[in-house]
> 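After the structure tokens below, expect a handful of questions from me.
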Amino acid sequence: MNISITNSTATQEPVASSDVLIVGAGIIGLAHAALAHQAGLSVTVIDRDHRAIGASIRNFGHACITAQHGELYDLAQAGRRHWLRFADKAGFWAAEAGALVVAATETELQVLREFSDSRPPGQVTVLTAEEVRAKLGRENTDGIRGGAFLADDLRVDPRSTVGTLATWLNKQDNAAVHFNTAALGFGEGTERRARVATSRGAYEADQVFICVGHDVDYLFPDIAAEHQIKRCALQMTAAPAPESTSIVPAVLTATSMLRYEAFTHMPSASALRDQVKAARPDLLDIGANVMFTQRPDGTLLLGDSHSYALTQPPFLTESTSDLLLQAAAQVLGVEEIIPTERWQGVYASSDVAPVLVRDITDSITLVSVTSGIGMTLSFGLAEANLNALHSSPLANSSAR
């Protein structure tokens with residue numbers, strides 16, 4: 001594979017010089033920046049937009065830690081404490097809210113029992129129908145067989161978290177965040193090991209992390225093709241919550257259990273898929289994950305569907321939104337949900353691997369979460385990448 005690197009060894013002095021340079025001010029890039037700064041390194045972040053508008057603000061704000069499997073679970077758990085630490089430092093809202101999985105059938109409940117048995121005591125608690133009703137604030141248990149509470153999951157407000165974190169980081173000594181600054185090329189530095197040519201001049205650093213989400217193909221098309229990165233488009237909706245409804249945890253359903261690997265590894269998972277396929281093929285046809293969260297202002301974030309393509313059209317399908325809203329209304333036990341906003345989420349997806357970490361040179365590393373769980377993995381993945389740098393003091397700073 002040929003990788004084209006622009007040798008940006010221009011004679012002009014660099015606009016900025018720092019230990020670490022991050023390209024991309026989404027949650028993956030900011031997690032790398034925050035942890036590098038915590039380790040005592042000077043940090044610069046650049047982003048082509050004027051503020052965050054990508055996947056980091058278009059999601060549910062749910063760090064779905066408990067439902068991850070294998071190495072992804074380890075990364076999610078490793079990042080959990082950093083989420084809480086930087087919420088306290090930067091001042092963004094984060095809640096140890098957990099997640100509620102609603103089971104409508106005995107098969108769904110059996111998967112949750114198996115899942116609970118597979119995890120340490122107290123991490124997953126199987127609930128009765130009445131306990132689920134109480135957590136949802138519903139008046140009855142119609143259509144509820146039971147459920148489970150996932151204790152380790154976290155919640156943040158996706159509309160404000162990355163902006164707050166970027167603002168805080170920019171105010172710290174030896175840290176800066178520059179928006180409206182696009183990366184144009186990468187090469188060797190003159191004062192530092194690496195140089196990044198940008199729309200506002202050259203930046204240099206000893207280590208560069210390129211965290212551009214689904215836009216890997218804009219900078220490194222050969223790597224994107226090799227990793228088979230596609231854009232996964234989601235349809236999501238915001239709506240006022242039913243009167244007096246206050247739901248603390250993220251709420252998941254049977255379709256969620258079909259998408260997260262920790263559930264799909266359970267013995268009854270295949271029976272669950274057959275059941276959903278027979279009862280709700282319309283939901284499977286749109287790749288539905290019927291779930292929702294409630295923002296601090298009371299607004300419900302509801303979704304979502306999934307479609308995959310190299311380039312996604314911007315158009316939303318009304319029948320898909322209606323189907324998702326009807327399914328959510330059934331979980332909440334209300335007749336209908338009236339939306340106030342609709343939008344398209346987009347994230348990187350790959351059948352090759354859920355995470356892409358590739359060294360472009362010995363001082364430039366490409367990072368992308370290619371599985372739709374960037375919020376969940378962000379801080380754990382950043383910690384792993386920084387620990388992998390022989391020159392980084394992060395390995396000895398975990399107690400800071």
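All values reported here derive from a predicted model rather than from experimental measurement.
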> Decide yes or no on side chain to side chain contact (heavy atoms under 4.5 Å, CB included) for D215 and L219, but give the supporting numbers first.
CA-CA 7 Å; D215 289 340; L219 295 174; over 6 Å; no
> Output yes when R155 and E96 qualify as a salt bridge under the 4.0 Å nitrogen-oxygen rule, no when they do not.
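No, no charged N to carboxylate O under 4.0 Å.
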> Closest heavy-atom contact between T340 and P240?
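What the structure gives for the nearest pair is CG2-CD, 3.7 Å.
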> If you look at every heavy atom in M266 and V111, which pair is closest and at what distance?
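What the structure gives for the nearest pair is CG-O, 4.0 Å.
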> Determine, using the 4.5 Å side-chain heavy-atom cutoff (strictly less than), whether L258 and L100 are members of one ILVMFWY cluster.
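L258 and L100: separate clusters.
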> Is any side-chain heavy atom of I210 closer than 4.5 Å to a side-chain heavy atom of F220?
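They are in contact (side-chain heavy atoms under 4.5 Å apart), so the answer is yes.
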> Is a donor on one side and an acceptor on the other found under 3.5 Å between the side chain of R48 and the backbone of V23?
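Looks like no, no N/O pair under 3.5 Å.
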> Indicate yes or no: at least one non-hydrogen side-chain atom of I22 is less than 4.5 angstrom from one of T44.
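I22 vs T44: side chains apart.
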> Is the shortest distance from a Lys or Arg side-chain nitrogen in D282 or R280 to a carboxylate oxygen in the other one below 4.0 Å?
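So D282 pairs with R280 through a salt bridge.
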> Counting distance only, does the side-chain N/O of S18 pair as donor-acceptor with the main-chain N or O of V20 below 3.5 Å?
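Pair found, side chain donor or acceptor close to backbone of V20.
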> Hey, are the side chains of E336 and L325 touching, using non-hydrogen atoms and a 4.5 Å cut-off?
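Counting from C-beta outward, E336 and L325 never come under 4.5 Å.
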> Using a distance-only test with no angle check, is there a side-chain donor-acceptor pair under 3.5 angstrom linking R80 and Q77?
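Note: R80 and Q77 side chains miss the donor-acceptor criterion.
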> Using a 6.0 Å distance limit plus a 45 degree cone around the ring axis, check whether R231 lies over the aromatic ring of Y218.
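Geometry flag: set, cation within 6.0 Å and 45°.
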> With no hydrogens and no angle check, is any side-chain donor or acceptor of T198 less than 3.5 Å from a backbone partner on G201?
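Side chain of T198 to backbone of G201, a donor-acceptor pair under 3.5 Å: yes, one is there.
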> Would H32 and N385 count as a side chain to side chain donor-acceptor pair (under 3.5 Å) if you check the C-alpha gap in whole Å, the side-chain angles of each, and the deciding distance to 0.1 Å?
CA-CA 8 Å; H32 281 76; N385 288 337; 3.0 Å; yes
> To the nearest 0.5 Å, how far apart are CG in L75 and CG in L377?
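Going from CG on L75 over to CG on L377, the span is 6.0 Å.
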> Taking the six-membered ring for Trp, are H214 and Y347 ring centroids under 6.0 Å apart?
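Not close enough - the centres of the two rings lie 6.0 Å or further apart.
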> Between Q68 and L72 (side chain of the first, backbone of the second, donor and acceptor by atom type, cut-off under 3.5 Å), is there such a pair?
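Flag not set: sc Q68 to bb L72 has no pair under 3.5 Å.
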> Is any side-chain heavy atom of L356 less than 4.5 Å from a side-chain heavy atom of V367?
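Not touching, per the 4.5 Å side-chain cut-off.
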> Out of curiosity, N180 CG to S199 OG, how far, rounded to the nearest 0.5 Å?
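Nearest 0.5 Å value for the CG-OG distance: 6.0 Å.
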> I'd like to know if the side chain of Q330 reaches the main chain of Q326, judged simply by a donor and an acceptor atom lying under 3.5 Å from each other, with no hydrogens or angles considered.
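Flag not set: sc Q330 to bb Q326 has no pair under 3.5 Å.
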> Any side-chain to backbone donor/acceptor pair from T167 onto G163? Under 3.5 Å, distance only.
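Yes, because the side chain of T167 sits within donor-acceptor range (under 3.5 Å) of the backbone of G163.
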> Can a salt bridge be assigned to the pair R138 and E130 using a cut-off of 4.0 Å between side-chain N and carboxylate O?
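No, R138 and E130 are not salt-bridged.
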> Tell me whether T376 contacts the main-chain N or O of C64 through its side chain, where contact means a donor paired with an acceptor under 3.5 Å.
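Such a contact is found between T376 side chain and C64 backbone.
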> Using a 4.5 Å cut-off on heavy atoms from C-beta on, say whether the side chain of E204 contacts that of R193.
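No, their side chains stay 4.5 Å or more apart.
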> Could you walk me through whether H37 and Q172 pass side chain to side chain contact (heavy atoms under 4.5 Å, CB included), step by step?
CA-CA 9 Å; H37 185 265; Q172 305 309 301; 3.6 Å; yes
> Specify whether H69 and H265 have parallel, tilted or perpendicular ring planes, treating 30° as the upper limit for parallel and 60° as the lower limit for perpendicular.
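Ring orientation of H69 relative to H265: parallel.
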> For A97 versus P249, what's the shortest heavy-atom pair and its separation?
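A97 and P249 have their closest heavy atoms at O-CB, 3.4 Å.
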> Is any side-chain heavy atom of V101 less than 4.5 Å from a side-chain heavy atom of M257?
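Yes, close enough: below the 4.5 Å cut-off.
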> Using a distance-only test with no angle check, is there a side-chain donor-acceptor pair under 3.5 angstrom linking T255 and T253?
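T253 and T255 do have a side-chain donor-acceptor pair below 3.5 Å.
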> Would you say the side-chain atoms of S268 and E114 include a donor-acceptor pair closer than 3.5 Å?
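Looking only at side-chain atoms, E114 and S268 do form a donor-acceptor pair, the distance falling under 3.5 Å.
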> Mind checking whether R295 and W93 have side chains closer than 4.5 Å, heavy atoms only?
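R295 does not reach W93 side chain to side chain.
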> Would you kindly confirm whether I144 and I337 end up in one hydrophobic cluster when ILVMFWY residues are joined by side chain heavy atoms under 4.5 Å apart?
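Same hydrophobic cluster.
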> Could you go through the side chain to side chain contact (heavy atoms under 4.5 Å, CB included) check for S349 and T370 one step at a time?
CA-CA 4 Å; S349 178; T370 53; 5.8 Å; no
> On a heavy-atom basis, which atom in T237 and which in P339 lie closest, and how many Å separate them?
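Here T237 and P339 meet closest at CG2-CB, 3.1 Å.
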> Would you name the heavy atoms of Q294 and A241 that are closest together and state the gap between them?
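Smallest interatomic distance, heavy atoms only, reads NE2-CB, 3.4 Å.
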> For H178 and D47, test the side chains for any donor-to-acceptor distance below 3.5 angstrom and give the result as yes or no.
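No - no donor-acceptor pair under 3.5 Å links their side chains.
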> Looking only at atom types and distance, does a side-chain atom of T361 sit under 3.5 Å from a main-chain N or O of I364, one as donor and one as acceptor?
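Such a contact is found between T361 side chain and I364 backbone.
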> Same hydrophobic cluster for I229 and I223, using side-chain heavy-atom links shorter than 4.5 Å among ILVMFWY?
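Yes; I223 is reachable from I229 via cluster members.
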> For the CG atom of N170 and the CZ atom of F179, what is their distance to the nearest 0.5 Å?
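Interatomic distance, N170 CG to F179 CZ, rounded to 0.5 Å: 8.5 Å.
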> Any chance the side chains of T107 and Q275 put a donor and an acceptor closer than 3.5 Å?
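Side chains of T107 and Q275: pair found under 3.5 Å.
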> Under a 4.0 Å threshold between the charged nitrogen and the carboxylate oxygen, would R159 count as salt-bridged to E341?
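Between R159 and E341 there is a salt bridge, with a charged N closer than 4.0 Å to a carboxylate O.
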> Measuring from D19:CG to L21:CG, what's the distance to the nearest 0.5 Å?
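CG of L21 is found 11.0 Å from CG of D19.
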> Under 3.5 Å, is there a donor-acceptor pair between the D152 and T66 side chains?
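No.
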> With a cut-off of under 6.0 Å to the ring centre and 45° to the axis, is R119 in cation-pi contact with Y73?
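Judged by the rule (NZ or CZ under 6.0 Å from the ring centre, within 45° of its axis), R119 counts as positioned above Y73.
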> When the ring centroid of F292 is compared with that of F60, is the distance short of 6.0 Å?
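F292 vs F60: aromatic centres not under 6.0 Å.
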> Examine the side chains of R192 and S17 and answer whether a donor and an acceptor come within less than 3.5 Å of each other.
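A donor-acceptor contact under 3.5 Å links the two side chains.
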> So, does T245 use its side chain to make a donor-acceptor pair with the main chain of P242 at under 3.5 Å?
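Yes; judged by distance alone, with no hydrogens or angles, the pair exists.
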> If I take atom CD from residue E139 and atom CG from residue D142, how far apart are they, to the nearest 0.5 angstrom?
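The CD atom of E139 sits 10.5 Å away from the CG atom of D142.
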> So which heavy atom on A288 is nearest to which on L324, and how close?
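Minimum heavy-atom separation between A288 and L324: CB-CD2, 4.0 Å.
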> Should the ring pair F86 and H82 be called parallel, tilted or perpendicular, given that the plane angle runs from 0 to 90° and is split at 30 and 60?
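Correct class here is tilted.
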> Do the side chains of Y260 and L301 join up, straight or via other hydrophobic residues, at under 4.5 Å, putting them in one cluster?
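Yes; tracing contacts between hydrophobic side chains, which count when under 4.5 Å, links both residues.
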> Answer yes or no: is there a side-chain heavy-atom contact under 4.5 Å between M236 and Q344?
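No; the side chains remain at least 4.5 Å from each other.
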> Shared ILVMFWY cluster between L84 and M375, side chains joined below 4.5 angstrom?
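Per the 4.5 Å side-chain linkage, L84 and M375 are co-clustered.
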> Begin with the C-alpha distance, continue with both residues' side-chain angles, and end with the deciding distance and a verdict on side chain to side chain donor-acceptor pair (under 3.5 Å) for Q235 and S305.
CA-CA 5 Å; Q235 289 196 198; S305 59; 4.8 Å; no
> Kindly indicate, with the supporting measurements, whether the criterion side chain to side chain contact (heavy atoms under 4.5 Å, CB included) is fulfilled by R145 and E106.
CA-CA 7 Å; R145 181 71 177 181; E106 180 60 29; 2.8 Å; yes
> Any side-chain to backbone donor/acceptor pair from S116 onto T125? Under 3.5 Å, distance only.
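Not at all, since once roles are kept as given, no pair shorter than 3.5 Å links the two residues.
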> Ignoring hydrogens and geometry beyond distance, is a side-chain donor-acceptor pair present between N289 and H306 at under 3.5 Å?
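Checked: N289/H306 side chains show no N/O donor-acceptor pair below 3.5 Å.
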> From K89 NZ over to L169 CG, what is the distance, rounded to the nearest 0.5 angstrom?
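Rounded to the nearest 0.5 Å, the NZ-CG separation comes to 10.5 Å.
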